[in-house]
Trainee: 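So that we are looking at the same thing, I have put the structure below in structure tokens.
Residue numbers start from 1 in every chain, and the chains themselves are labelled A, B, ... in the order their sequence lines are given, proteins ahead of strands. On a predicted model such as this, the values are computed, not experimentally measured, just so you know.
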There are 2 protein chains.
Amino acid sequence: MATIRDVAKRAGASVSAVSAVLNGGGTQSIRVGAETSARIRDVARQLGYRTNPVARSLVTGRSGAMGLVFPYSSAFIEDNTFSTSVISSVLTTAVNHRWNLMLHTATGDDWNAADSGELIDPRVDGLLLVMPTPHSPLISRCLRERFPCVALVYAPENDEIYAVNSNDHAGGYMATRHLIQLGHRRIAHLEGTPTVATSAPRRQGYRDALEEAGIEIDPSLIHRADFVRHGGYDAMKTLLERPTSQWPTAVFASNDLSAEGAIEAVLESGLRIPQDIAFVGYDDSWRAALLNPPLTSIKMPIYEMGVQATEMLIALIASKEITQRQPVLPISLSVRESCGAQALRS
Amino acid sequence: MATIRDVAKRAGASVSAVSAVLNGGGTQSIRVGAETSARIRDVARQLGYRTNPVARSLVTGRSGAMGLVFPYSSAFIEDNTFSTSVISSVLTTAVNHRWNLMLHTATGDDWNAADSGELIDPRVDGLLLVMPTPHSPLISRCLRERFPCVALVYAPENDEIYAVNSNDHAGGYMATRHLIQLGHRRIAHLEGTPTVATSAPRRQGYRDALEEAGIEIDPSLIHRADFVRHGGYDAMKTLLERPTSQWPTAVFASNDLSAEGAIEAVLESGLRIPQDIAFVGYDDSWRAALLNPPLTSIKMPIYEMGVQATEMLIALIASKEITQRQPVLPISLSVRESCGAQALRS
DNA sequence: TTGAAAGCGCTAACAA
DNA sequence: TTGTTAGCGCTTTCAA
């Protein structure tokens, strides 16, 4: 590979001239004449010269890359449109702004490896953390070391953290209120994993909607499904072991996957959806539309959130003023057949 | 950030000693005593010293990262389980081998930007190209510059290229033969985009299966669907505009998505699947099992292919002997209801 | 077993 | 408008 010195020598110019010409922008204290400039460009093309970004990075302290950190690498195979949307939005936005992307996962079961700080590394100018665990040491560390860092899908514990989130409480509330308005009073909730930050607010939204409607909260209607299919299945089986009179008439699941498992359990029992038990899920994944019956679900604007988080990180790295550190994007309800609203309408 | 010199000074040792201790492996011509070693480690911990990978990279010429190049960034949002599996397998394998991953896309409509060579860059030690366009200049370039490069899902034009692929011809053949064995003679094919390398062999497999069975190939039964949903829908609509007697009794689609669109068109016409028209798709995506009726499909071992490609690239970078440059992994058939085989069986 | 020092390719301050 | 030069933080050769 040709170096900057090769180009300089061959063009009869100095390295700084070459650097100035081939870099262009920046705080150059150097001005190069049109002729020299053209010569340099010419020679560079002849030699197939390409700037070595590693060397540049060492001296500037900037890499032009950001790190995208996923909680675990298997996040992708769980037919999870969430990861897909995140990758897609972040990558597209980064590329549009001419940034590179390094993909990381917090290996192991949690963020231990990541928390050790090995992700704070000059190969990236900042980090985008996807669904970090609550009270993530990595976030504190970034804050402490003044390393640019934005959390995506995260309920920040304090004002200093940069985070893009959607309103999970509103999601739980909207789902539950929708079912209440359809006439349901005995509404079950399939909870997510407690260590995942979205679980608690979704449940709280559920509770608040019930309370607002004057419906007493029945803790025996709340079961953990841990966001997975068989979790939903098992929880539903348990609910159906109760006396018939105590069966829920509706279920709000904390994600589509657990709803899917629960629906399977319901159908196995010969019950009909939504006539016997109505369902609302969360995520509005593409699976939701394909289920039988199609699943009503709360929609998180993941793609838009990814874009915002990426742009916020870029601004943060550029030390730009960030007007809103913790935007919360609105959720919405995708009504399909599983909740019974469409039958009522038609 | 503490540098290696800070550690050396504070530990009363030389930088080379610190380097040797904190690096460990490698071709060190230096041996450090246990005492000094312990002291260095101690000081490093106190100072929170972390090796600067950029500086190391500059001197060693190695980065410990590989680039994963997707054809376009929107590859992800097309609820494409393909991209998901690739990312998942590559990331997991890379992390297991302690490699980092940079994510790239060939911006624009094709590989132009990528082909300019800007991806061949010392920030990565090698490239993994996902579905590069046939005769990709980037591959030639890597070969010419002796830059490690492995193509994934690619039919290599010559022996020099490292590529992991599955047997698309066998896939097309297997799908079609399956339908023939079920008694079908008028089998349509929904073709993929010609510029995508998998399209031609799949179609050729289809043709060969027909020929082998002594069925004349009817070009009017072959329609482009371009791997997208509405492509399949439109193609099927066209096919159904023919006189009833010339309708295909079975369809082999070059991917599940186009099959899905075609199925929609068939159902809209009040026809039944598989009784009136049988279907076989390609990809065996998660959607396949959720469709109504569940779609019989050819399964490509994408995850396994991603693992192999990643490991091959790692071996290539390490200048290890590669016994098989162009492994072709076997496809298989996932039989569900859309082809009618299950009805016959029961 | 250790230390000194050259240099990876580049940027940017400074001098001309 | 241009050239010289001192590093960026590290690895590694060579000499002690």
Trainee: Kindly calculate the angle separating the two end axes of the helix from C:dT1-D:dA16 to C:dA16-D:dT1, each obtained from five base pairs, and round it to 10 degrees.
Mentor: 40°
Trainee: Considering just the side-chain nitrogens and oxygens of B:S19, establish if one lies under 4.0 Å of OP1 or OP2 belonging to D:dC10.
Mentor: no
Trainee: Who pairs with B:E145 by salt bridge (charged side-chain N to carboxylate O under 4.0 Å, His left out), at least two apart in sequence or on another chain?
Mentor: A:R50, B:R141
Trainee: Given atom CD of A:E35 and atom P of D:dT1, what is their separation to the nearest angstrom?
Mentor: 12 Å
Trainee: Do B:Q326 side-chain atoms and B:I161 backbone N/O form a donor-acceptor pair below 3.5 Å?
Mentor: yes
Trainee: Judged by atom type as modelled, is there a donor-acceptor pair below 3.5 Å linking the side chain of B:T92 to the main-chain atoms of B:S88?
Mentor: yes
Trainee: Can you pull the side-chain hydrogen bond (donor to acceptor under 3.5 Å, both in side chains) pairs that have at least one residue in residues 146-158 of chain B, sequence neighbours excluded?
Mentor: B:Y154-B:E157
Trainee: Which distance, rounded to the nearest 0.5 Å, do you find between the CZ of B:F82 and the CG of B:L152?
Mentor: 6.0 Å
Trainee: Between C1' on D:dT4 and NZ on A:K9, what's the gap in Å once rounded to a whole number?
Mentor: 15 Å
Trainee: Determine the contact category for A:S57: base if any of its heavy atoms lies under 4.0 Å from a base atom, sugar-phosphate if only primed atoms, P, OP1 or OP2 are that close, otherwise nothing.
Mentor: nothing
Trainee: Got a donor-acceptor contact below 3.5 angstrom from the A:S136 side chain to the A:L138 backbone?
Mentor: yes
Trainee: Would you call B:P148 and B:C142 a side-chain contact if the rule is heavy atoms closer than 4.5 Å?
Mentor: no
Trainee: Specify the residues of residues 37-45 of chain A, ordered by number, for which at least one heavy atom lies under 4.0 angstrom from an atom of DNA chain C.
Mentor: none
Trainee: Whether the side chain of B:T3 engages the backbone of B:R5 through a donor-acceptor N/O pair (distance < 3.5 Å, no angle test) should be reported.
Mentor: yes
Trainee: Starting at CG of A:D121 and ending at P of D:dC10, how long is that distance when rounded to a whole Å?
Mentor: 12 Å
Trainee: Dump every N/O contact between nucleotides 5-9 of chain C and the protein below 3.5 Å, one line per pair.
Mentor:
from  : atom 1 : to    : atom 2 : distance (Å)
C:dG9 : N2     : A:A55 : O      : 3.3

Trainee: For A:A94 and A:T310, which heavy atoms make the closest approach, and how far apart are they?
Mentor: N-CG2, 4.0 Å
Trainee: Show me the side-chain donor-acceptor pairs of residues 58-70 of chain A shorter than 3.5 Å, one per line, residues at least two apart or across chains.
Mentor:
from  : atom 1 : to     : atom 2 : distance (Å)
A:T60 : OG1    : A:R56  : O      : 2.9
A:T60 : OG1    : A:R62  : N      : 3.1
A:T60 : OG1    : A:R62  : O      : 3.3
A:R62 : NH2    : A:I317 : O      : 3.1
A:S63 : OG     : A:A65  : N      : 3.1
A:S63 : OG     : A:R123 : O      : 2.8
A:S63 : OG     : A:D125 : OD1    : 3.2

Trainee: Tell me whether B:R39 is salt-bridged to B:D42, with the criterion being a basic N under 4.0 Å from an acidic carboxylate O.
Mentor: no
